[in-house]
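This report concerns only the one structure given below.
Please read all numbers here as calculations on a predicted model, not as lab measurements.
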Amino acid sequence: MARPRTFDEDQVLATAMDLFWAYGYEATSTRDLCHAVGLDRSSLYNAFTSKHELFRRALTRYVDATAANQARILEDPRRPPAERVRELLAAIVELESDSYRDGHGRGCLTVNTTVELAGRDPEIALLLDRDLARRLDSLRAVIAAGLAAGDITSARTPEALARFVNAVIAGIRVAAQGGADRPVLESIAATAMDALT
């Protein structure tokens, strides 16, 4: 009979996610993970089968939380569509400013993983592609609503504008990771809104 687990799987995933977020997949060793989560190697592998599976589950946790937060902002019917986009950009700036330490931000685990693994890990690339499609769908919907309402005035299509806003969000996160401070990040967000409205 298998012994019952004596650890909180959700807490292990949260801790592993933070470690992968800080150092990336390759630079985070199994030893680092065991030390951070307080499990020995066999317990970690019994629960998650491999470092890769633990990473996949931690990344899934991150993309689900990020997508839910974006949807909460973009689907708020109390605000006009352009204000929802502005609020999303402000939330990204706030998040990146809060993670700013030692002259650099933490960036985005999705962006970091795209750069590190998407070109050589088909399973992770598929997870990232699904996440991107979900985020673009919610951006496209609010932008289409904004174009119909007249508070987004760009001549571009909702698809093109959704990809633009998504690229701006990634750019804000990369800029923060590279050391850009809050006023610079706010300026990027404001410029994006100028392009939309």
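Looking at heavy atoms from C-beta onward, Ser97 lies in side-chain contact with Leu185 at the 4.5 angstrom threshold. Within the 4.5 Å cutoff, no side-chain heavy atoms of Phe20 are placed close to those of Asn112. Using a 4.5 Å heavy-atom threshold, the side chains of Leu147 and Pro158 count as touching. Side chains of Thr110 and Arg135 form a contact here, defined as non-hydrogen atoms less than 4.5 Å apart. Looking at heavy atoms from C-beta onward, Val93 lies out of side-chain contact with Ile188 at the 4.5 angstrom threshold.
In the displayed structure, Arg31 atom CZ is contacted under 6.0 Å by at most 12 heavy atoms of other residues, nucleotides or ligands. Within a 6.0 Å sphere centred on NE2 of His52, other residues, nucleotides and ligands contribute more than 12 heavy atoms.
Tracing side-chain contacts under 4.5 Å through hydrophobic residues (I, L, V, M, F, W, Y), one never reaches Leu139 starting from Leu95; they form parts of separate clusters. With hydrophobic clusters built from ILVMFWY side chains whose heavy atoms lie under 4.5 angstrom apart, Leu128 does not share a cluster with Val174. Two different hydrophobic clusters hold Leu117 and Val115 under the rule that ILVMFWY side chains link at heavy-atom gaps under 4.5 Å. Clustering ILVMFWY residues whenever any of their side-chain heavy atoms sit less than 4.5 angstrom apart, transitively, puts Tyr62 in a cluster other than the one holding Leu132. Two different hydrophobic clusters hold Val63 and Ile169 under the rule that ILVMFWY side chains link at heavy-atom gaps under 4.5 Å.
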Could you check Asp40 against Cys34 for side chain to side chain contact (heavy atoms under 4.5 Å, CB included), going step by step and ending with a plain yes or no?
CA-CA 6 Å; Asp40 62 29; Cys34 289; 5.8 Å; no

Check against salt bridge (charged side-chain N to carboxylate O under 4.0 Å, His left out), Glu94 and Arg182
CA-CA 8 Å; Glu94 183 70 29; Arg182 185 184 198 105; 2.4 Å; yes

Checking Phe55 against Thr28 for the side chain to side chain contact (heavy atoms under 4.5 Å, CB included) test, could you report, in this order, the C-alpha distance in whole Å, the side-chain angles of both residues, the deciding distance, and whether it holds?
CA-CA 10 Å; Phe55 177 73; Thr28 302; over 6 Å; no

What's the verdict on side chain to side chain contact (heavy atoms under 4.5 Å, CB included) for Glu53 and Arg56, showing C-alpha distance, side-chain angles and the deciding distance?
CA-CA 5 Å; Glu53 177 61 13; Arg56 187 195 65 75; 2.6 Å; yes

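A side-chain donor from one of Thr30 and Tyr45 sits under 3.5 Å from a side-chain acceptor of the other. Between the side chains of Ser29 and Asp32, a donor-acceptor pair is found at a separation under 3.5 Å. Counting only N and O atoms by type, the side chains of Asn69 and Arg72 include a donor and acceptor under 3.5 Å apart. Thr66 and Gln70 share no donor-acceptor pair across their side chains, judged by distance under 3.5 Å alone.
The pair Arg134-Asp131 meets the salt-bridge criterion, since a charged nitrogen lies less than 4.0 angstrom from a carboxylate oxygen. Residues Arg61 and Glu9 are not paired through a salt bridge, judged by the lack of any N-O separation under 4.0 Å between the basic side chain and the carboxylate.
Atom OG1 of Thr15 and atom CG of Leu39 lie 9.5 Å apart (nearest 0.5 Å). Atom CG in Asp181 sits 9.0 Å away from atom CD in Glu186 (nearest 0.5 Å). To the nearest 0.5 Å, the span separating CG on Asp10 from CZ on Arg57 amounts to 9.5 Å. Between Thr113 atom OG1 and Leu59 atom CG the span is 5.0 Å, to the nearest 0.5 Å. We find the CG-CD distance between Asp76 and Glu83 to be 11.0 Å, quoted to the nearest 0.5 Å. We find the CZ-CG distance between Arg163 and Leu136 to be 5.0 Å, quoted to the nearest 0.5 Å.
Side-chain atoms of Thr191 come within 3.5 Å of backbone N or O of Ser187 as a donor-acceptor pair. At distances below 3.5 Å, at least one donor-acceptor pair connects side-chain atoms of Arg120 with backbone N or O atoms of Glu116.
A cation-pi contact, defined as under 6.0 Å to the ring centre and within 45° of the axis, links Lys51 to Tyr25.
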